[in-house]
There are 2 protein chains.
Amino acid sequence: MRKMRADARRNYERLLTEAESAFRTYGTDASLEDIARRAGVAIGTLYAHFPTRQALLESLLRERNDVVVAKADELLGELPADEALAAWARSVTAHTAAFRGLATSLMSSFDDESSPLYGACQAMTAAGERLVAGAREAGAIRPDASASDLFALIAAAAWVRETVSDEQAERLLTFMLDGLRRTATSPAW
Amino acid sequence: MRKMRADARRNYERLLTEAESAFRTYGTDASLEDIARRAGVAIGTLYAHFPTRQALLESLLRERNDVVVAKADELLGELPADEALAAWARSVTAHTAAFRGLATSLMSSFDDESSPLYGACQAMTAAGERLVAGAREAGAIRPDASASDLFALIAAAAWVRETVSDEQAERLLTFMLDGLRRTATSPAW
DNA sequence: ACCTGAACACCGTTCAAGT
DNA sequence: ACCTGAACACCGTTCAAGT
(Lines give C-alpha, C1' and ligand atoms only; values in the text may rest on other atoms or scores of the structure.)
Protein backbone atom coordinates (compact mmCIF):
# COMPACT_ATOMS: atom_id res chain seq x y z
CA MET A 1 0.00 0.00 0.00
CA ARG A 2 2.84 2.34 0.90
CA LYS A 3 5.04 1.19 -1.93
CA MET A 4 2.44 1.45 -4.65
CA ARG A 5 3.53 3.10 -7.82
CA ALA A 6 2.11 6.59 -8.21
CA ASP A 7 -0.24 5.71 -11.06
CA ALA A 8 -1.37 2.56 -9.29
CA ARG A 9 -2.17 4.49 -6.16
CA ARG A 10 -4.13 7.05 -8.14
CA ASN A 11 -6.13 4.32 -9.85
CA TYR A 12 -6.78 2.70 -6.51
CA GLU A 13 -8.17 5.93 -5.08
CA ARG A 14 -10.27 6.65 -8.13
CA LEU A 15 -11.73 3.18 -8.04
CA LEU A 16 -12.72 3.66 -4.43
CA THR A 17 -14.31 7.01 -5.18
CA GLU A 18 -16.33 5.67 -8.08
CA ALA A 19 -17.27 2.53 -6.19
CA GLU A 20 -18.59 4.61 -3.34
CA SER A 21 -20.74 6.65 -5.65
CA ALA A 22 -21.93 3.64 -7.65
CA PHE A 23 -22.80 1.63 -4.54
CA ARG A 24 -24.62 4.58 -3.10
CA THR A 25 -26.68 4.97 -6.25
CA TYR A 26 -27.21 1.40 -7.42
CA GLY A 27 -26.49 -0.62 -4.30
CA THR A 28 -23.74 -3.14 -3.72
CA ASP A 29 -24.65 -4.98 -6.93
CA ALA A 30 -23.58 -2.04 -9.05
CA SER A 31 -21.76 -2.96 -12.25
CA LEU A 32 -18.02 -3.32 -11.75
CA GLU A 33 -17.43 -2.58 -15.40
CA ASP A 34 -19.19 0.73 -14.86
CA ILE A 35 -17.08 1.55 -11.86
CA ALA A 36 -13.89 0.81 -13.77
CA ARG A 37 -14.99 2.88 -16.76
CA ARG A 38 -15.87 5.87 -14.61
CA ALA A 39 -12.57 5.58 -12.82
CA GLY A 40 -10.88 5.68 -16.22
CA VAL A 41 -9.25 2.25 -15.98
CA ALA A 42 -9.77 -1.10 -17.64
CA ILE A 43 -11.76 -3.77 -15.87
CA GLY A 44 -8.62 -5.82 -15.31
CA THR A 45 -7.18 -3.03 -13.20
CA LEU A 46 -10.16 -3.12 -10.91
CA TYR A 47 -9.68 -6.85 -10.43
CA ALA A 48 -5.97 -6.38 -9.85
CA HIS A 49 -6.68 -4.08 -6.94
CA PHE A 50 -9.81 -5.75 -5.64
CA PRO A 51 -10.06 -9.47 -6.36
CA THR A 52 -13.70 -9.64 -5.29
CA ARG A 53 -16.64 -7.32 -4.89
CA GLN A 54 -16.53 -7.92 -1.17
CA ALA A 55 -12.89 -6.91 -1.03
CA LEU A 56 -13.80 -3.65 -2.72
CA LEU A 57 -16.62 -3.16 -0.27
CA GLU A 58 -14.31 -3.87 2.63
CA SER A 59 -11.77 -1.26 1.55
CA LEU A 60 -14.58 1.20 1.12
CA LEU A 61 -15.96 0.65 4.59
CA ARG A 62 -12.67 0.50 6.42
CA GLU A 63 -12.40 4.09 7.64
CA ARG A 64 -16.06 4.46 8.21
CA ASN A 65 -16.05 1.32 10.26
CA ASP A 66 -13.34 2.62 12.54
CA VAL A 67 -15.49 5.65 13.21
CA VAL A 68 -18.46 3.51 14.12
CA VAL A 69 -16.42 1.42 16.52
CA ALA A 70 -14.90 4.47 18.17
CA LYS A 71 -18.33 6.01 18.55
CA ALA A 72 -19.44 3.11 20.71
CA ASP A 73 -16.91 3.97 23.38
CA GLU A 74 -17.61 7.68 23.15
CA LEU A 75 -21.30 7.15 23.69
CA LEU A 76 -20.62 4.82 26.54
CA GLY A 77 -18.72 7.60 28.28
CA GLU A 78 -21.35 10.25 27.67
CA LEU A 79 -24.69 8.58 28.18
CA PRO A 80 -26.41 6.08 30.45
CA ALA A 81 -25.76 2.58 29.14
CA ASP A 82 -29.21 2.03 27.69
CA GLU A 83 -29.28 5.34 25.86
CA ALA A 84 -25.77 4.78 24.57
CA LEU A 85 -26.83 1.42 23.18
CA ALA A 86 -29.86 2.88 21.43
CA ALA A 87 -27.97 5.85 20.03
CA TRP A 88 -25.25 3.60 18.68
CA ALA A 89 -27.73 1.23 17.10
CA ARG A 90 -29.43 4.11 15.34
CA SER A 91 -26.18 5.43 14.04
CA VAL A 92 -24.92 2.07 12.81
CA THR A 93 -28.24 1.36 11.17
CA ALA A 94 -28.08 4.62 9.26
CA HIS A 95 -24.52 3.86 8.21
CA THR A 96 -25.46 0.37 7.06
CA ALA A 97 -28.39 1.64 5.06
CA ALA A 98 -26.12 3.86 2.98
CA PHE A 99 -25.76 1.17 0.31
CA ARG A 100 -28.64 -0.99 -0.73
CA GLY A 101 -27.47 -4.58 -0.22
CA LEU A 102 -24.92 -3.80 2.44
CA ALA A 103 -27.06 -5.19 5.25
CA THR A 104 -27.26 -8.47 3.38
CA SER A 105 -23.52 -8.54 2.73
CA LEU A 106 -22.70 -7.85 6.36
CA MET A 107 -25.23 -10.32 7.66
CA SER A 108 -23.90 -13.12 5.52
CA SER A 109 -20.31 -12.29 6.43
CA PHE A 110 -20.96 -12.44 10.15
CA ASP A 111 -20.22 -16.12 10.41
CA ASP A 112 -18.00 -16.50 7.39
CA GLU A 113 -14.35 -16.24 8.32
CA SER A 114 -13.34 -16.37 4.69
CA SER A 115 -15.23 -13.19 3.86
CA PRO A 116 -13.26 -9.95 3.51
CA LEU A 117 -16.03 -8.36 5.56
CA TYR A 118 -15.62 -10.78 8.43
CA GLY A 119 -13.25 -8.43 10.23
CA ALA A 120 -15.66 -5.54 9.98
CA CYS A 121 -18.41 -7.69 11.44
CA GLN A 122 -16.16 -8.80 14.27
CA ALA A 123 -15.15 -5.25 15.07
CA MET A 124 -18.74 -4.10 15.11
CA THR A 125 -19.78 -6.97 17.30
CA ALA A 126 -16.95 -6.32 19.71
CA ALA A 127 -18.02 -2.71 20.02
CA GLY A 128 -21.61 -3.79 20.49
CA GLU A 129 -20.46 -6.22 23.14
CA ARG A 130 -19.28 -3.38 25.36
CA LEU A 131 -22.57 -1.54 24.98
CA VAL A 132 -24.56 -4.67 25.69
CA ALA A 133 -22.46 -5.43 28.75
CA GLY A 134 -23.00 -1.92 30.06
CA ALA A 135 -26.72 -2.02 29.48
CA ARG A 136 -26.98 -5.44 31.02
CA GLU A 137 -25.14 -4.31 34.16
CA ALA A 138 -27.53 -1.39 34.41
CA GLY A 139 -30.38 -3.88 34.18
CA ALA A 140 -31.68 -2.09 31.12
CA ILE A 141 -31.86 -5.02 28.71
CA ARG A 142 -32.96 -8.60 28.80
CA PRO A 143 -30.23 -10.79 30.21
CA ASP A 144 -30.47 -13.20 27.29
CA ALA A 145 -29.76 -10.52 24.67
CA SER A 146 -26.32 -10.85 23.12
CA ALA A 147 -24.11 -8.64 20.98
CA SER A 148 -24.84 -10.86 18.03
CA ASP A 149 -28.54 -10.23 18.62
CA LEU A 150 -27.83 -6.53 18.51
CA PHE A 151 -25.88 -6.99 15.29
CA ALA A 152 -28.75 -8.92 13.71
CA LEU A 153 -31.34 -6.35 14.77
CA ILE A 154 -29.26 -3.53 13.36
CA ALA A 155 -28.83 -5.41 10.11
CA ALA A 156 -32.54 -6.16 9.96
CA ALA A 157 -33.40 -2.54 10.62
CA ALA A 158 -31.03 -1.42 7.87
CA TRP A 159 -32.53 -4.01 5.55
CA VAL A 160 -36.12 -2.82 5.99
CA ARG A 161 -34.93 0.74 5.58
CA GLU A 162 -34.01 -0.13 2.00
CA THR A 163 -37.70 -0.39 1.24
CA VAL A 164 -39.87 1.51 3.68
CA SER A 165 -40.10 5.22 4.37
CA ASP A 166 -37.70 6.85 6.78
CA GLU A 167 -40.47 7.43 9.29
CA GLN A 168 -41.52 3.81 9.29
CA ALA A 169 -37.93 2.64 9.46
CA GLU A 170 -37.43 4.84 12.48
CA ARG A 171 -40.51 3.46 14.17
CA LEU A 172 -39.55 -0.14 13.46
CA LEU A 173 -36.09 0.36 14.89
CA THR A 174 -37.68 1.80 18.01
CA PHE A 175 -39.85 -1.29 18.32
CA MET A 176 -36.83 -3.54 17.96
CA LEU A 177 -34.81 -1.64 20.52
CA ASP A 178 -37.71 -1.65 22.95
CA GLY A 179 -37.93 -5.37 22.47
CA LEU A 180 -34.38 -5.60 23.66
CA ARG A 181 -35.13 -3.79 26.88
CA ARG A 182 -36.03 -5.55 30.03
CA THR A 183 -39.77 -5.13 30.22
CA ALA A 184 -41.33 -4.45 33.61
CA THR A 185 -44.17 -6.82 32.89
CA SER A 186 -42.86 -10.13 31.70
CA PRO A 187 -44.29 -10.77 28.26
CA ALA A 188 -47.29 -13.07 27.90
CA TRP A 189 -46.04 -14.23 24.52
CA MET B 1 -56.29 -22.46 -16.77
CA ARG B 2 -59.36 -24.63 -17.12
CA LYS B 3 -59.07 -24.95 -20.86
CA MET B 4 -55.40 -25.83 -20.96
CA ARG B 5 -54.42 -28.66 -23.24
CA ALA B 6 -53.58 -31.81 -21.35
CA ASP B 7 -49.84 -31.72 -22.09
CA ALA B 8 -49.71 -28.03 -21.27
CA ARG B 9 -51.38 -28.58 -17.95
CA ARG B 10 -48.96 -31.39 -17.13
CA ASN B 11 -46.00 -29.21 -17.97
CA TYR B 12 -47.44 -26.42 -15.87
CA GLU B 13 -47.75 -28.69 -12.86
CA ARG B 14 -44.31 -30.17 -13.31
CA LEU B 15 -42.78 -26.75 -13.54
CA LEU B 16 -44.41 -25.73 -10.27
CA THR B 17 -43.21 -28.90 -8.57
CA GLU B 18 -39.65 -28.42 -9.71
CA ALA B 19 -39.69 -24.72 -8.96
CA GLU B 20 -40.82 -25.43 -5.43
CA SER B 21 -38.00 -27.86 -4.89
CA ALA B 22 -35.40 -25.64 -6.55
CA PHE B 23 -36.46 -22.55 -4.61
CA ARG B 24 -36.42 -24.52 -1.41
CA THR B 25 -32.89 -25.72 -2.07
CA TYR B 26 -31.26 -22.78 -3.80
CA GLY B 27 -33.52 -19.88 -2.88
CA THR B 28 -35.60 -17.72 -5.15
CA ASP B 29 -32.61 -17.06 -7.39
CA ALA B 30 -32.46 -20.69 -8.46
CA SER B 31 -31.65 -21.22 -12.13
CA LEU B 32 -34.75 -21.23 -14.33
CA GLU B 33 -32.94 -23.32 -16.92
CA ASP B 34 -32.43 -25.92 -14.23
CA ILE B 35 -36.06 -25.90 -13.26
CA ALA B 36 -37.14 -26.33 -16.87
CA ARG B 37 -34.67 -29.16 -17.44
CA ARG B 38 -35.81 -31.03 -14.34
CA ALA B 39 -39.40 -30.56 -15.37
CA GLY B 40 -38.51 -32.11 -18.71
CA VAL B 41 -39.41 -29.09 -20.82
CA ALA B 42 -37.48 -26.52 -22.81
CA ILE B 43 -36.75 -23.14 -21.31
CA GLY B 44 -39.18 -21.47 -23.68
CA THR B 45 -42.01 -23.47 -22.17
CA LEU B 46 -41.24 -22.18 -18.75
CA TYR B 47 -41.37 -18.62 -20.05
CA ALA B 48 -44.61 -19.34 -21.89
CA HIS B 49 -46.26 -20.34 -18.64
CA PHE B 50 -44.51 -17.89 -16.34
CA PRO B 51 -43.34 -14.70 -17.99
CA THR B 52 -41.28 -13.64 -14.99
CA ARG B 53 -39.65 -15.24 -12.00
CA GLN B 54 -42.03 -13.37 -9.76
CA ALA B 55 -45.02 -14.74 -11.65
CA LEU B 56 -43.69 -18.24 -11.03
CA LEU B 57 -43.19 -17.43 -7.38
CA GLU B 58 -46.69 -16.03 -7.16
CA SER B 59 -48.28 -19.17 -8.59
CA LEU B 60 -46.22 -21.21 -6.21
CA LEU B 61 -47.34 -19.27 -3.16
CA ARG B 62 -50.97 -18.92 -4.09
CA GLU B 63 -52.44 -21.85 -2.15
CA ARG B 64 -50.09 -21.47 0.72
CA ASN B 65 -50.99 -17.85 0.98
CA ASP B 66 -54.68 -18.60 1.28
CA VAL B 67 -53.89 -20.87 4.19
CA VAL B 68 -51.93 -18.16 5.94
CA VAL B 69 -54.71 -15.65 5.52
CA ALA B 70 -57.34 -18.08 6.77
CA LYS B 71 -55.22 -18.89 9.77
CA ALA B 72 -55.36 -15.28 10.90
CA ASP B 73 -59.11 -15.48 11.41
CA GLU B 74 -58.92 -18.89 13.02
CA LEU B 75 -56.40 -17.71 15.57
CA LEU B 76 -58.43 -14.61 16.23
CA GLY B 77 -61.37 -16.82 17.19
CA GLU B 78 -59.33 -19.11 19.41
CA LEU B 79 -56.91 -16.95 21.30
CA PRO B 80 -56.73 -13.59 23.05
CA ALA B 81 -55.91 -10.92 20.50
CA ASP B 82 -52.29 -10.45 21.53
CA GLU B 83 -51.53 -14.15 21.50
CA ALA B 84 -53.28 -14.58 18.18
CA LEU B 85 -51.13 -11.84 16.73
CA ALA B 86 -47.93 -13.39 17.99
CA ALA B 87 -48.86 -16.91 16.89
CA TRP B 88 -49.75 -15.69 13.42
CA ALA B 89 -46.53 -13.72 13.11
CA ARG B 90 -44.52 -16.78 14.03
CA SER B 91 -46.31 -18.91 11.53
CA VAL B 92 -46.02 -16.42 8.68
CA THR B 93 -42.36 -15.89 9.46
CA ALA B 94 -41.70 -19.62 9.20
CA HIS B 95 -43.61 -19.78 5.94
CA THR B 96 -41.70 -16.84 4.52
CA ALA B 97 -38.38 -18.33 5.50
CA ALA B 98 -39.08 -21.43 3.42
CA PHE B 99 -37.27 -19.97 0.41
CA ARG B 100 -34.14 -17.94 0.78
CA GLY B 101 -34.84 -14.61 -0.90
CA LEU B 102 -38.59 -14.73 -0.46
CA ALA B 103 -38.58 -12.15 2.33
CA THR B 104 -36.77 -9.75 0.01
CA SER B 105 -39.17 -10.43 -2.85
CA LEU B 106 -42.20 -9.87 -0.66
CA MET B 107 -40.80 -6.78 0.95
CA SER B 108 -40.04 -5.14 -2.36
CA SER B 109 -43.45 -6.07 -3.74
CA PHE B 110 -45.31 -4.52 -0.86
CA ASP B 111 -45.54 -1.12 -2.48
CA ASP B 112 -45.21 -2.17 -6.08
CA GLU B 113 -48.62 -2.58 -7.70
CA SER B 114 -47.04 -3.90 -10.86
CA SER B 115 -45.50 -6.87 -9.08
CA PRO B 116 -47.21 -10.25 -9.40
CA LEU B 117 -46.66 -10.60 -5.67
CA TYR B 118 -48.46 -7.40 -4.84
CA GLY B 119 -51.74 -9.22 -4.32
CA ALA B 120 -50.16 -11.67 -1.91
CA CYS B 121 -48.73 -8.78 0.09
CA GLN B 122 -52.08 -7.05 0.17
CA ALA B 123 -53.86 -10.18 1.34
CA MET B 124 -51.32 -10.74 4.07
CA THR B 125 -51.54 -7.16 5.20
CA ALA B 126 -55.33 -7.27 5.26
CA ALA B 127 -55.19 -10.37 7.45
CA GLY B 128 -52.64 -8.70 9.67
CA GLU B 129 -54.88 -5.67 9.88
CA ARG B 130 -57.57 -7.66 11.65
CA LEU B 131 -55.09 -9.04 14.14
CA VAL B 132 -53.60 -5.63 14.79
CA ALA B 133 -57.05 -4.11 15.25
CA GLY B 134 -57.96 -6.82 17.74
CA ALA B 135 -54.76 -6.43 19.70
CA ARG B 136 -55.08 -2.68 19.69
CA GLU B 137 -58.61 -2.84 21.06
CA ALA B 138 -57.38 -5.12 23.79
CA GLY B 139 -54.74 -2.52 24.57
CA ALA B 140 -52.05 -5.10 23.96
CA ILE B 141 -49.96 -3.24 21.41
CA ARG B 142 -48.70 0.26 20.87
CA PRO B 143 -51.37 2.42 19.30
CA ASP B 144 -48.97 3.62 16.62
CA ALA B 145 -48.22 0.11 15.34
CA SER B 146 -49.80 -0.61 11.97
CA ALA B 147 -50.40 -3.71 9.88
CA SER B 148 -47.63 -2.62 7.56
CA ASP B 149 -45.33 -2.48 10.57
CA LEU B 150 -46.29 -6.04 11.34
CA PHE B 151 -45.65 -7.03 7.74
CA ALA B 152 -42.21 -5.44 7.83
CA LEU B 153 -41.28 -7.05 11.12
CA ILE B 154 -42.33 -10.46 9.84
CA ALA B 155 -40.32 -9.95 6.68
CA ALA B 156 -37.31 -8.80 8.69
CA ALA B 157 -37.58 -11.80 10.99
CA ALA B 158 -37.77 -14.14 8.00
CA TRP B 159 -34.80 -12.37 6.45
CA VAL B 160 -32.53 -12.81 9.49
CA ARG B 161 -33.66 -16.41 9.72
CA GLU B 162 -31.93 -17.03 6.40
CA THR B 163 -28.61 -16.54 8.14
CA VAL B 164 -28.80 -17.12 11.87
CA SER B 165 -29.57 -20.28 13.83
CA ASP B 166 -33.15 -21.26 14.51
CA GLU B 167 -32.72 -20.51 18.18
CA GLN B 168 -31.45 -17.03 17.57
CA ALA B 169 -34.12 -16.38 14.96
CA GLU B 170 -36.73 -17.39 17.49
CA ARG B 171 -35.29 -15.08 20.11
CA LEU B 172 -35.09 -12.15 17.72
CA LEU B 173 -38.68 -12.57 16.66
CA THR B 174 -39.67 -12.58 20.31
CA PHE B 175 -37.80 -9.32 20.80
CA MET B 176 -39.55 -7.78 17.84
CA LEU B 177 -42.98 -8.87 18.96
CA ASP B 178 -42.32 -7.60 22.45
CA GLY B 179 -41.35 -4.31 20.94
CA LEU B 180 -44.78 -4.15 19.40
CA ARG B 181 -46.49 -4.56 22.73
CA ARG B 182 -47.58 -1.66 24.79
CA THR B 183 -44.91 -1.45 27.45
CA ALA B 184 -45.95 -0.67 31.02
CA THR B 185 -43.00 1.63 31.52
CA SER B 186 -42.81 4.13 28.72
CA PRO B 187 -39.45 3.70 27.03
CA ALA B 188 -36.64 6.08 27.91
CA TRP B 189 -35.30 5.77 24.37
C1' DA C 1 -52.25 -24.14 -29.15
C1' DC C 2 -48.20 -25.32 -27.45
C1' DC C 3 -43.34 -26.61 -27.51
C1' DT C 4 -38.40 -26.51 -28.92
C1' DG C 5 -33.82 -24.83 -28.73
C1' DA C 6 -30.69 -21.90 -31.28
C1' DA C 7 -29.57 -17.13 -31.10
C1' DC C 8 -28.95 -13.01 -28.77
C1' DA C 9 -27.76 -10.06 -24.92
C1' DC C 10 -25.53 -8.97 -20.84
C1' DC C 11 -22.16 -9.15 -17.38
C1' DG C 12 -18.62 -11.05 -14.50
C1' DT C 13 -13.84 -12.86 -14.66
C1' DT C 14 -9.36 -14.25 -16.53
C1' DC C 15 -5.00 -13.81 -18.73
C1' DA C 16 -1.71 -13.09 -22.63
C1' DA C 17 0.34 -9.20 -24.43
C1' DG C 18 1.87 -4.55 -23.87
C1' DT C 19 4.13 -0.46 -21.49
C1' DA D 1 5.11 -3.47 -11.60
C1' DC D 2 1.11 -2.37 -13.48
C1' DC D 3 -2.37 -1.88 -17.10
C1' DT D 4 -5.17 -3.17 -21.22
C1' DG D 5 -8.98 -5.30 -23.40
C1' DA D 6 -10.08 -9.35 -26.07
C1' DA D 7 -11.68 -13.86 -24.95
C1' DC D 8 -14.22 -16.91 -22.28
C1' DA D 9 -17.99 -18.39 -19.37
C1' DC D 10 -22.45 -18.24 -17.66
C1' DC D 11 -27.21 -17.33 -17.57
C1' DG D 12 -31.46 -15.00 -18.57
C1' DT D 13 -34.71 -14.03 -22.42
C1' DT D 14 -36.70 -14.05 -27.06
C1' DC D 15 -38.60 -15.85 -31.18
C1' DA D 16 -38.71 -18.34 -35.68
C1' DA D 17 -39.62 -22.84 -36.79
C1' DG D 18 -41.77 -27.14 -35.75
C1' DT D 19 -45.58 -30.39 -34.08
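In what follows, chains are A, B, ... by sequence order, proteins preceding strands, each numbered from 1.
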Between D:dC3 (P) and A:R37 (CZ): distance, integer Å | 18 Å
Shortest non-hydrogen contact from B:L15 to B:F50?
-> CB-CE1, 3.9 Å
Could you state the CZ-P distance from B:R9 to C:dA1, rounded to the nearest angstrom?
-> 17 Å
Would you mind reading off the distance between A:F50 atom CZ and C:dT14 atom P, rounded to a whole angstrom?
-> 16 Å
Does C:dC10 have a Watson-Crick or wobble mate here (both distances under 3.5 Å), and if so which one?
-> none
Write down the distance between CZ (B:R14) and C1' (C:dC2), rounded to a whole number of angstrom.
-> 15 Å
Is the Lys NZ or Arg CZ of A:R53 less than 6.0 Å from the centre of A:F99's six-membered ring, within 45° of the axis?
-> no
Nearest-nucleotide wise, let me know which of A:G44 and B:T45 is further upstream toward the 5' end of DNA chain C.
-> B:T45
Give a yes or no on whether the backbone of A:S146 and the side-chain of A:D149 come within a donor-acceptor separation of less than 3.5 Å.
-> yes
Would you kindly give the OH-to-P distance between A:Y12 and D:dC3, to the nearest whole Å?
-> 13 Å
Out of D:dA1, C:dT13, D:dT13, which has the shortest distance to the side chain of B:Y47?
-> D:dT13
Does atom CD of B:E63 have more than 12 heavy-atom neighbours, drawn from other residues, nucleotides or ligands, at distances under 6.0 Å?
-> no
Any idea which of D:dG5, D:dC2, C:dC3 is nearest the A:A42 side chain?
-> D:dG5
Are the side chain of A:T174 and the backbone N or O of A:E170 linked by a donor-acceptor pair below 3.5 Å?
-> yes
For A:I43 and for B:R5, find the nucleotide of DNA chain C with the closest heavy atom, then tell me which residue's nucleotide is more 5'.
-> B:R5
Partner of C:dA16 by Watson-Crick or G-U wobble geometry, both contacts under 3.5 Å, or none?
-> D:dT4
Candidate nucleotides C:dT13, D:dG12, C:dC3, ranked by approach to the side chain of A:E33 - the nearest = C:dT13
Rounded to the Å, how far apart are B:H49 NE2 and C:dC3 C1'?
-> 9 Å
A:D7 or B:L32: which one's nearest nucleotide on DNA chain D is closer to the 5' end?
-> A:D7
Looking for any heavy atom pair under 4.0 Å, which part of the strands does A:A48 touch: base, sugar-phosphate only, or nothing?
-> nothing
In whole angstroms, the gap separating C1' of D:dC10 from CG of B:D34 amounts to 13 Å
Phosphate OP1/OP2 of D:dC3: any A:N11 side-chain N/O under 4.0 Å | yes
Interatomic distance, A:Y26 OH vs C:dC11 C1' [rounded to whole Å] = 15 Å
